[in-house]
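Computed from a predicted structure; not experimentally measured. By convention in this document, chain letters (A, B, ...) are assigned in the order of the sequence lines, proteins followed by strands, and residues within each chain are numbered from 1.
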There are 2 protein chains.
Amino acid sequence: MSLDERKSKILEAIILDYISTAEPVGSRTISKKYDLSISPATIRNEMSDLEEMGYIEQPYTSAGRMPSDQGYRYYVDYIMKKNKLDEAIERLVISSFKGKIDRFDDAIRISMELIAKITRYPSLILAPGSESSSLSMIRMLKVDEKRALLVVITENNQVENIFVDLPYEFKESDLDLLTSVINSKLSGTRISQWNKTIISELYGDLLKQKDVLATVLDSIEDRLNQKKEHRVYLTGIIQMLNEPEFRDVDKVKNILSFFDDKRILEDVLTKNSQIENFQVLIGNENEAKEIKECSLIKRSYSFQGDFQGVMGVLGPKRMDYSNAISLLELISEVLERKK
Amino acid sequence: MSLDERKSKILEAIILDYISTAEPVGSRTISKKYDLSISPATIRNEMSDLEEMGYIEQPYTSAGRMPSDQGYRYYVDYIMKKNKLDEAIERLVISSFKGKIDRFDDAIRISMELIAKITRYPSLILAPGSESSSLSMIRMLKVDEKRALLVVITENNQVENIFVDLPYEFKESDLDLLTSVINSKLSGTRISQWNKTIISELYGDLLKQKDVLATVLDSIEDRLNQKKEHRVYLTGIIQMLNEPEFRDVDKVKNILSFFDDKRILEDVLTKNSQIENFQVLIGNENEAKEIKECSLIKRSYSFQGDFQGVMGVLGPKRMDYSNAISLLELISEVLERKK
DNA sequence: TGTTAGCACTCTGTCTGATTGAGTGCTAAC
DNA sequence: GTTAGCACTCAATCAGACAGAGTGCTAACA
């Protein structure tokens with residue numbers, strides 16, 4: 001369903017005005033502030049049509065109009081032009097990453113902070129779980145008689161440390177032998193690929209140490225599964241409270257409880273992100289009930305070509321979509337770039 | 001300045017009532033609900049005295065009275081009896097820790113969650129910084145030609161992983177040699193004790209590898225200093241918003257911004273905790289302006305006799321002090337217990 | 001001399017009605 | 001098809017009235 005030129009212009013004016021004032025906008029305002037050279041009366045007629053078509057709505061009879069979800073959707077899909085980011089902001093982004101793009105954790109933290117700072121809305125980033133990355137190598141370091149530190153390095157240079165209680169005393173050289181066998185079998189594979197065949201081969205090779213091997217493999221799986229839950233980075237929540245739509249403590253509670261449950265966050269970010277690189281979810285398009293008054297912009301990213309996550313901004317429906325989209329685009333591009 | 005028996009009883013009644021209703025309390029209420037067998041008129045006279053002495057205050061003429069900071073202080077110091085924790089809660093605490101008291105991180109997380117859940121207020125825990133704990137050992141693992149993973153283990157079994165770029169190619173055995181020399185000199189010492197003497201001795205022993213040594217030592221110091229900032233664990237913020245004193249978005253913003261700045265949190269927790277094992281800070285006694293409407297209860301703890309931190313609960317001034325205090329007491333006792 | 005009943009007084013919170021202003025929808029003229 | 005004009009609607013604001021909770025004071029009582 002498409003709109004003619006004039007209706008489209010009027011819808012745009014309504015949305016732009018509403019974005020900047022958060023007040024329902026009337027026909028007179030549009031006629032005065034936006035140069036469409038038509039009278040308020042005509043605009044009223046058009047607005048009446050737009051309302052009937054579902055693009056705008058009135059909070060009550062005789063108030064101004066505000067965009068509906070469908071209105072925002074039309075705006076994002078057809079009207080909004082992707083204007084380029086402010087030069088200064090682009091420079092800020094680039095320079096913030098300078099020299100800190102190696103470590104994944106640093107890069108993510110910087111991205112998150114940039115998004116929150118520039119958009120002034122909360123930003124959230126889903127980091128890929130360790131279980132989805134391949135094992136580079138493991139090592140075991142003897143800590144005391146019957147205890148070792150298991151060091152697990154994945155191919156994207158994330159490191160996990162796990163203390164392991166050994167069933168009997170090991171020499172350091174025994175441990176090295178053990179780990180070198182494990183490495184030769186499992187290095188380069190994903191945890192999720194550790195099927196019965198590989199594992200039973202391993203047990204064949206390490207018959208004598210099978211209880212240690214079991215402990216080691218279990219520890220790794222346990223830890224990496226545990227890690228799954230804590231993959232969401234998040235910042236900038238307070239800023240959200242400056243928006244007039246959050247003048248109400250119950251709404252604040254609502255949004256905070258959304259941010260508080262990392263599993264919901266993860267679901268929300270993950271959803272469809274394999275299929276769609278870029279997603280803009282407006283109001284009720286969001287499945288999580290806590291954010292049906294908000295819009296979420298998501299962008300999949302990969303880190304130096306290696307593995308995937310999702311980054312997003314959550315704002316009120318009347319957020320500056322164009323700006324936020326360009327920013328996510330830029331940041332994901334920087335992350336992608338191999339150094 | 002002490003109060004006579006009857007004034008003390010009346011103050012107690014006012015505080016207890018205010019704690020449960022959050023409404024200014026009048027003389028009639030006290031006479032009816034609390035069995036003091038004196039008439040409202042008499043109570044009014046006493047209240048008038050208490051107000052003059054600064055223990056209670058009136059929000060406006062002809063409203064009921066509410067406790068002042070000084071009133072709460074008197075209550076906490078002289079009136080409140082430390083009643084024992086509910087048995088069920090005590091069991092819950094003990095059982096929550098069962099089998100999970102080894103790893104410091106787990107123990108802290110459980111403590112934090114217990115405090116938030118039981119008191120229904122936000123809980124915050126300061127974990128001791130790595131820089132204050134002694135080095136147990138370091139190891140270096142070769143990752144690729146010119147890159148090694150430096151594994152730093154402290155005596156309380158915290159582990160840090162640092163990737164180090166080597167100036168030239170090393171064999172694994174060279175790295176082992178290097179680390180064993182470092183270990184023999186630095187093992188058992190605190191980072192903060194690494195003075196010039198020790199370090200220059202080390203350089204003497206490792207003349208040939210001095211640039212690698214420098215990289216290693218710098219990396220360790222850098223990382224552990226960085227870590228300092230992220231030592232505060234925190235949960236249960238939303239619960240605070242259920243309290244009637246936070247019906248106002250500006251107050252919410254205030255308190256959220258307090259929780260947002262980890263440095264302020266750290267300062268607040270650290271302050272005087274060396275001198276006083278236990279602290280109750282009521283309203284204006286708090287230095288941080290964001291929480292001058294709240295009370296903070298802090299308790300120093302040590303983990304299995306080893307090193308020290310601080311745990312706390314932040315609530316409205318009309319919180320259940322007795323209960324919160326007993327809970328912190330119990331938890332710090334559990335943490336202290338060597339397994 | 002301490003306690004109490006009674007009463008006038010004070011202040012908040014809520015309700016009501018009047019008023020204002022922004023904005024619409026409709027009609028008739030251009 | 002566009003526009004000016006006008007009646008109409010509704011939220012927001014304000015003032016005044018009123019009820020209710022609670023106090024402080026006074027005078028009587030034990």
Side-chain angles (χ1 to χ4, degrees), chain A residues 3-11 13-18 20-68 71 244-245 247-249, chain B residues 3-11 13-18 20-68 71 244-245 247-248 318:
Chain A
L3 295 177
D4 66 44
E5 175 82 14
R6 193 167 71 182
K7 283 198 174 52
S8 175
K9 284 265 182 243
I10 291 178
L11 178 57
I14 293 174
I15 291 181
L16 291 181
D17 205 77
Y18 190 73
S20 67
T21 64
E23 296 290 332
V25 18
S27 53
R28 246 175 82 84
T29 315
I30 294 182
S31 160
K32 266 197 291 185
K33 272 187 16 191
Y34 300 83
D35 191 27
L36 302 176
S37 29
I38 31 178
S39 77
T42 312
I43 293 175
R44 280 206 288 280
N45 290 332
E46 296 285 37
M47 283 167 100
S48 188
D49 291 351
L50 281 170
E51 181 165 15
E52 204 173 329
M53 295 161 88
Y55 292 102
I56 55 181
E57 50 200 19
Q58 254 179 324
Y60 51 87
T61 343
S62 92
R65 304 303 211 296
M66 50 206 274
S68 65
E245 27 270 278
R247 283 280 91 206
D248 171 12
V249 180
Chain B
L3 296 177
D4 67 44
E5 176 83 14
R6 194 167 71 181
K7 283 199 173 52
S8 174
K9 283 262 182 251
I10 291 177
L11 178 58
I14 293 173
I15 291 181
L16 291 181
D17 205 78
Y18 190 74
S20 66
T21 65
E23 296 291 331
V25 17
S27 53
R28 245 176 82 84
T29 315
I30 294 182
S31 160
K32 265 196 291 187
K33 271 187 19 191
Y34 300 83
D35 190 28
L36 302 177
S37 28
I38 33 178
S39 77
T42 313
I43 293 175
R44 279 205 288 281
N45 289 332
E46 295 285 37
M47 282 167 100
S48 187
D49 290 352
L50 282 170
E51 181 164 17
E52 204 172 328
M53 295 161 85
Y55 292 101
I56 55 181
E57 49 199 19
Q58 254 180 325
Y60 52 86
T61 344
S62 92
R65 305 302 211 298
M66 50 207 273
S68 65
E245 26 272 276
R247 284 280 89 208
D248 171 12
R318 46 170 213 92

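Across the protein-nucleic acid pair, A:M47 atom CE and D:dT3 atom P stand 15 Å apart, rounded to whole Å. Between B:I10 atom CD1 and D:dG22 atom C1' there is a gap of 16 Å when expressed in whole angstrom units. Rounding to whole angstrom units, CD of residue A:E46 and P of D:dG1 are separated by 11 Å. Regarding B:I14, its CD1 atom lies at a distance of 9 Å from the P atom of D:dT23, rounded to whole Å. Atom OH in B:Y18 sits about 16 Å away from atom C1' in D:dA21, given to the nearest Å. Here the C1' atom of nucleotide D:dA21 and the CD atom of B:E23 are 11 Å apart, to the nearest Å. A:R44 has its CZ atom 16 Å from the C1' atom of D:dG1, to the nearest Å. Between the C1' atom of C:dT3 and the CZ atom of B:R6 lies a distance of 8 Å, rounded to the nearest Å.
Among the heavy atoms of the strands lying under 4.0 Å from B:T61 are primed sugar atoms or P, OP1, OP2 only; no base atom is included.
How far CD1 of A:I10 is from CD of A:E5: 11.0 Å, rounded to the nearest 0.5 Å. To the nearest 0.5 Å, atom CD of residue B:E57 and atom CZ of residue B:R65 are 10.5 Å apart. In this structure, CZ on B:R318 lies 7.0 Å from OH on B:Y18, to the nearest 0.5 angstrom.
The base of D:dG24 has none of its N or O atoms less than 3.5 Å from a complementary donor or acceptor on the side chain of B:R65.
Pairing for C:dC9 is with D:dG22, a Watson-Crick or G-U wobble pair whose two hydrogen-bonding atom distances lie under 3.5 Å. Remark: C:dC30 base-pairs with D:dG1; criterion is Watson-Crick or G-U wobble with both hydrogen-bond distances under 3.5 Å.
The phosphate of D:dT3 (OP1 or OP2) has a side-chain N or O of A:T42 nearer than 4.0 angstrom.
Counting heavy atoms from C-beta outward, B:Y34 and B:L16 have side chains that approach closer than 4.5 Å.
Heavy-atom distances under 4.0 Å link DNA chain C to A:G26, A:S27 of residues 26-41 of chain A, given in residue order.
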Show the distances under 3.5 angstrom between N or O atoms of the protein and N or O atoms of nucleotides 13-21 of chain C.
none

>> Set out, in order, the CA-CA distance, both residues' side-chain angles and the distance that settles side chain to side chain contact (heavy atoms under 4.5 Å, CB included) for A:L50 and A:L3, then state yes or no.
In response: CA-CA 9 Å; A:L50 281 170; A:L3 295 177; 4.0 Å; yes

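Checked by atom type and distance alone, the side chain of B:E46 never pairs as donor or acceptor with a backbone atom of B:K7 at under 3.5 Å. Under a 3.5 Å cut-off, the side chain of A:T21 and the backbone N or O of A:D17 do form a donor-acceptor pair. Between the side chain of B:S68 and the main chain of B:G54, a donor-acceptor pair closer than 3.5 Å is present.
Here the rule is side chain to side chain contact (heavy atoms under 4.5 Å, CB included) with A:V25, and of A:I15, A:I56, A:I30 only A:I30 fits it.
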